[in-house]
Amino acid sequence: MDCQCCQKKPAHIRVCDIEANTMSEQFNVCADCWIFIKRYLFDHARPLQPTREVLQEVRQLLSSQEPKALAKLEPPGEITPVPAESLPVCPECGMTLAEFKHKGRFGCARDYEVFAAHLDPLLERIHDVTPPRHRGGRPAPAPGADERVNASRELSGLREQLRAAVAEENYELAARLRDRINELERGNLTPGANP
Amino acid sequence: MSGLAGFDCFAHPLGEWLKGSGPDSDVVISTRVRLARNVRGFPFTGRASAGQRAEVLRLCQDALHRVHLEKSVITLDLQQLGEIERDILVERHLISRELAGAEGPRGVTFGRGEMLSIMVNEEDHLRLQWIKSGFDPDRAFAAIRRVDAALDKVLPIAFSEQYGYLTACPTNVGTGMRISVMVHLPALTLLDHVEKVFKAAGRMNHAVRGLYGEGTRAFGDMYQISNQATLGRSEEDILASVKAIVPQVLEYERRMRGELYTEKRELVEDKALRALALLRSARRLSVQEMMGHLSMVRLGIDLKVITDVTMDTVNRLFILGQPSHLQAETGATLTPAEREARRAELVRGKLATATN
Ligand SMILES: [Zn+2]
Ligand SMILES: [Zn+2]
């Protein structure tokens, strides 16, 4: 079967639209598109799994995308098809419903959205409350704090890239990466494009 | 103790919360309020790569240094500490056993008084706790809430409108708040009523467990009462329920102590005074034995059967006699027999100096 996103490569990954909250709405995509979809959902702070609409948007983006932007995406690595009984899957940390049920621990904050449809009975039981909704305090807005975290995330990515560049003896790239790292470490916290 | 980098745990006095001076200190050792928090944008510790954990540690410690926590704090990198040093922090209630035994980048920051402690990269990125002497949930909460509010300003915290503060374990989500009250229940234990307390507390969504030892057998008759639910209640609701339930346990324990003292006076005096005599003369003491006898001495002090030992001394011995404190104080690796001998020596020393 061909990937329903790029409609070129063979599809190896099945994802389902859990907004529709039904296993019937499933998409088959290739590993490359899956990475792009995850990234897209994350960058656009989209909830949950891809919907038909998201797939459409990603397809358009892909056809208009410069190759450079695509190259920025993380390498395919150990992405494997997710069996249907493990769905839904967190696009950010890869936690599956099956794994969460087994471990009893979430992988990231996003999981609360991803598994929302399955959480209420569990939370009702644990906390003996219906509906299981928060009633306490909240964090105060933190101007500038997000920028710091973004810079920090960028830093750890850059350090990885630097290691790879040095290993490949690509010293020109390594020098540029090092400059950016120094800049970030000096407290210039504006996250920017990767060199 | 070079690994503890500027923190000499013997020059350093034990936590102020051990003073035995707070409200209801006849039964309550301490009240701890803990808040679980995570930094937005990173996977929870259990799913984060070593690189991400290092980044979270750096971010959190950077934030902790930018907010004014206390006059002076101590920050330790747990990766650089040996096993015994980490165990010492566990025995002092500064870190959890889980954090001590974990791997990868992780740390702790605590105040000189050892009331404030902040673990980084435990199950959640941040575990903030404040311990007060005696039963004092309001003030412990107010203190840790201040720290939390200060951190909010410099760190983006994972939060959702629906579920509140998002935590790795669904049992902590919502307020992320756990109040744990450490209580000494020798009379309820002697008269076999502890099981009833366990059940009653459980019905009211609170858990009681032995502080040391396994299952229902609690060495030293020390127990911990904590709220179970963190979601669907405000922080004030949780405080109110703890303040409704714990005093009932305290009253129950006091009533049983009173009963023991009026109806079984001779028995209690005998148990307390024998325990003290044994501690003052033993040449070898296991940790269980030490805690068991200290428990009886503590009861004896409360019933005024024993007047030449302070609550403070007993509370401190509970910690100083723990294996890693002994080990570290001696410097050398001790065999179990040597450790028992050293423990007996320590206890004799402390109880003798308390005489004057
Ligand atoms: Zn594709
Ligand atoms: Zn996740």
Side-chain angles (χ1 to χ4, degrees), chain A residues 42 45 47 90 92-95 99-101 103-113 115-116 118-120 122-160 163 185 187 189, chain B residues 35 37-56 58-59 62-63 123 145 148-177 204-205 228-238:
Chain A
F42 177 67
C90 172
E92 203 165 323
C93 76
M95 180 68 74
E99 191 184 355
F100 167 65
K101 282 181 173 168
K103 287 185 176 161
R105 297 288 185 282
F106 293 107
C108 76
R110 187 78 182 275
D111 296 7
Y112 280 91
E113 279 173 44
F115 305 136
H118 306 263
L119 282 185
D120 278 11
L122 175 76
L123 293 175
E124 276 177 23
R125 191 155 30 84
I126 295 174
H127 298 280
D128 192 26
V129 67
T130 312
R133 294 293 172 263
H134 181 54
R135 283 191 47 217
R138 54 176 49 250
D146 267 314
E147 284 74 10
R148 238 185 322 272
V149 166
N150 288 341
S152 184
R153 270 159 43 128
E154 189 184 341
L155 259 179
S156 50
L158 288 172
R159 289 202 190 98
E160 299 276 317
R163 260 191 295 279
E185 282 178 343
L189 295 173
Chain B
L35 301 175
R37 300 287 185 257
N38 285 282
V39 182
R40 196 162 64 221
F42 286 90
F44 297 140
T45 312
R47 210 160 179 88
S49 67
Q52 287 169 321
R53 288 184 199 199
E55 214 51 55
V56 167
R58 209 184 54 76
L59 266 174
D62 175 53
E123 183 179 89
R145 181 71 197 115
D148 184 39
L151 276 175
D152 268 1
K153 300 266 186 302
V154 291
L155 264 185
I157 299 295
F159 179 86
S160 95
E161 294 297 327
Q162 257 190 315
Y163 302 119
Y165 290 95
L166 304 176
T167 55
C169 185
T171 55
N172 294 318
V173 73
T175 56
M177 171 156 128
M204 289 178 285
N205 262 312
Q228 289 294 82
T230 54
L231 182 67
R233 291 121 174 112
S234 67
E235 288 80 359
E236 289 69 28
D237 293 340
I238 296 171

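Small disclaimer: the values here were computed from a predicted structure and weren't measured. Numbers restart at 1 for each chain; the letters A, B, ... are given by sequence-line order, proteins then strands.
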Problem - Atom pair CZ/CG of B/R233 and A/D128 - distance to nearest 0.5 Å - result: 6.0 Å
Exercise for the section: Answer yes or no: is there a donor N or O on one side and an acceptor on the other, between the side chain of A/H127 and the main chain of B/A229, under 3.5 Å? Expected result: no
Fill in the blank from the handout: Note: vs chain A, highest number of non-hydrogen pairs under 4.5 angstrom among B/T167, B/T45, B/V56 is B/T167
Completion exercise
On a heavy-atom basis, the closest approach of A/Y112 and B/P170 is OH-CA, 4.1 Å
Problem - Minimum side-chain heavy-atom gap A/R105-B/R47 below 4.5 Å - result: no
Practice task
With a 4.5 Å cut-off on heavy-atom pairs, point out which of B/E236, B/E123, B/R37 contacts chain A the most.
Solution key: B/E123
Fill in the blank from the handout: Per-residue tally against chain A (heavy atom, under 4.5 Å) across B/A168, B/P43, B/G164 peaks at B/A168
Exercise for the section: Just give me the residue among A/C93, A/G107, A/G136 that pairs up with chain B most often, heavy atom to heavy atom, under 4.5 Å. Expected result: A/G107
Problem - Per-residue contact mode, B/N205 against chain A (heavy atom under 4.5 angstrom) - result: side chain
Problem - Min side-chain heavy-atom separation A/F106-B/V173 under 4.5 Å - result: no
Handout entry: Pairs flagged by side-chain hydrogen bond (donor to acceptor under 3.5 Å, both in side chains) wherever residues 154-165 of chain B is involved - sequence neighbours left out
Key = A/R138-B/E161
Fill in the blank from the handout: Greatest number of non-hydrogen atom pairs under 4.5 angstrom with chain A, of B/G51, B/A48, B/G174, B/A158, falls to B/G174
Practice task
Using the side-chain contact (heavy atoms from CB on, under 4.5 Å) rule, take A/H134 and B/T175 through it: C-alpha gap first, then chi angles, then the decisive distance, then the call.
Solution key: CA-CA 7 Å; A/H134 181 54; B/T175 56; 4.2 Å; yes
Exercise for the section: Report yes if the side chains of B/Q228 and A/I126 come closer than 4.5 Å at any heavy-atom pair, otherwise no. Expected result: no
Completion exercise
Heavy-atom nearest pair, A/A140 first then B/D152, reads N-OD2, 3.1 Å
Handout entry: Segment of B/D148 engaging chain A (4.5 angstrom heavy-atom cut-off)
Key = neither
Handout entry: Nearest-0.5 Å distance that lies between atom CZ in B/F44 and atom CZ in A/R110
Key = 12.5 Å
